[in-house]
Enquirer: 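This is the structure I want to talk about, given as structure tokens.
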Amino acid sequence: PVAFSDSNARYLEATIYFNIDNLKLVNDETIVHEILHIKLNELTGYLYANEEKQKADQWKGYFEERFVSQMSKIITGL
């Protein structure tokens, strides 16, 4: 991957990690994509916290990546 993110919504902490070997591939869409993952982590964190693990797993497994990929293209106009 070019980048990935890790976040803890409860403590308002997040980090975006970049693959140094693919640094030339980082663009605006990459940054927006990872920020969207960070924000959506709040949703899945809420579901996990409220004992809705199955819904959270389904969201992360299917919808999250589709949603983030499509929205990052829309936001950046790519």
Side-chain angles (χ1 to χ4, degrees):
V2 176
F4 67 94
S5 58
D6 184 35
S7 64
N8 185 328
R10 174 182 279 172
Y11 297 106
L12 299 174
E13 298 173 342
T15 303
I16 299 175
Y17 299 91
F18 297 96
N19 182 338
I20 195 92
D21 295 330
N22 293 328
L23 209 50
K24 290 182 180 180
L25 300 175
V26 173
N27 57 23
D28 290 346
E29 185 181 351
T30 305
I31 304 297
V32 171
H33 182 101
E34 294 308 320
I35 290 170
L36 288 169
H37 274 297
I38 290 166
K39 294 306 294 174
L40 285 176
N41 187 43
E42 292 182 30
L43 170 63
T44 53
Y46 175 82
L47 292 173
Y48 283 122
N50 288 286
E51 299 180 3
E52 297 192 49
K53 184 179 182 323
Q54 183 179 4
K55 286 181 184 176
D57 288 345
Q58 288 173 340
W59 172 263
K60 288 192 84 61
Y62 179 74
F63 296 108
E64 181 175 350
E65 193 59 41
R66 284 178 51 114
F67 179 82
V68 166
S69 294
Q70 291 171 352
M71 288 303 296
S72 61
K73 288 183 185 328
I74 290 168
I75 291 168
T76 59
L78 299 175

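Along the sequence shown, residues carry numbers from 1.
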Enquirer: Looking at every heavy atom in both L40 and E64, which two are closest together, and how far apart are they?
Expert: CD1-CG, 4.0 Å
Enquirer: Between H33 and K73, is the side chain to side chain contact (heavy atoms under 4.5 Å, CB included) condition met? List the steps.
Expert: CA-CA 8 Å; H33 182 101; K73 288 183 185 328; over 6 Å; no
Enquirer: Heavy atoms only: give me the nearest A3-E34 pair and the separation to one decimal.
Expert: O-OE2, 3.3 Å
Enquirer: If you compare all heavy atoms of N22 against all heavy atoms of P1, which two are closest, and at what distance to 0.1 Å?
Expert: ND2-O, 3.4 Å
Enquirer: Membership question, hydrophobic clusters at under 4.5 Å side-chain separation (ILVMFWY): are L36 and Y62 in the same one?
Expert: yes
Enquirer: Is it possible for you to say whether Y11 and Y17 belong to one hydrophobic cluster, with membership spreading through side-chain heavy-atom contacts below 4.5 Å?
Expert: no
Enquirer: Main chain of E13, side chain of N8: is a donor-acceptor contact present, judged purely on distance under 3.5 Å?
Expert: no
Enquirer: Set out, in order, the CA-CA distance, both residues' side-chain angles and the distance that settles side chain to side chain donor-acceptor pair (under 3.5 Å) for D28 and T76, then state yes or no.
Expert: CA-CA 7 Å; D28 290 346; T76 59; over 6 Å; no
Enquirer: So, for E42 and A9, which heavy atoms are closest and what is the spacing to 0.1 Å?
Expert: CG-CB, 3.3 Å
Enquirer: Determine, using the 4.5 Å side-chain heavy-atom cutoff (strictly less than), whether F67 and F4 are members of one ILVMFWY cluster.
Expert: no
Enquirer: To the nearest 0.5 Å, how far apart are CD in E29 and CD1 in I74?
Expert: 10.5 Å
Enquirer: Through direct or indirect side-chain contacts below 4.5 angstrom among Ile, Leu, Val, Met, Phe, Trp and Tyr, which residues connect to I31?
Expert: V2, I16, F18, I20, L23, L25, V26, I35, I38
Enquirer: Calculate, to the nearest 0.5 Å, the distance between atoms CE and CZ belonging to M71 and R66 respectively.
Expert: 13.5 Å
Enquirer: Which distance, rounded to the nearest 0.5 Å, do you find between the CD of Q58 and the CD of E52?
Expert: 11.0 Å
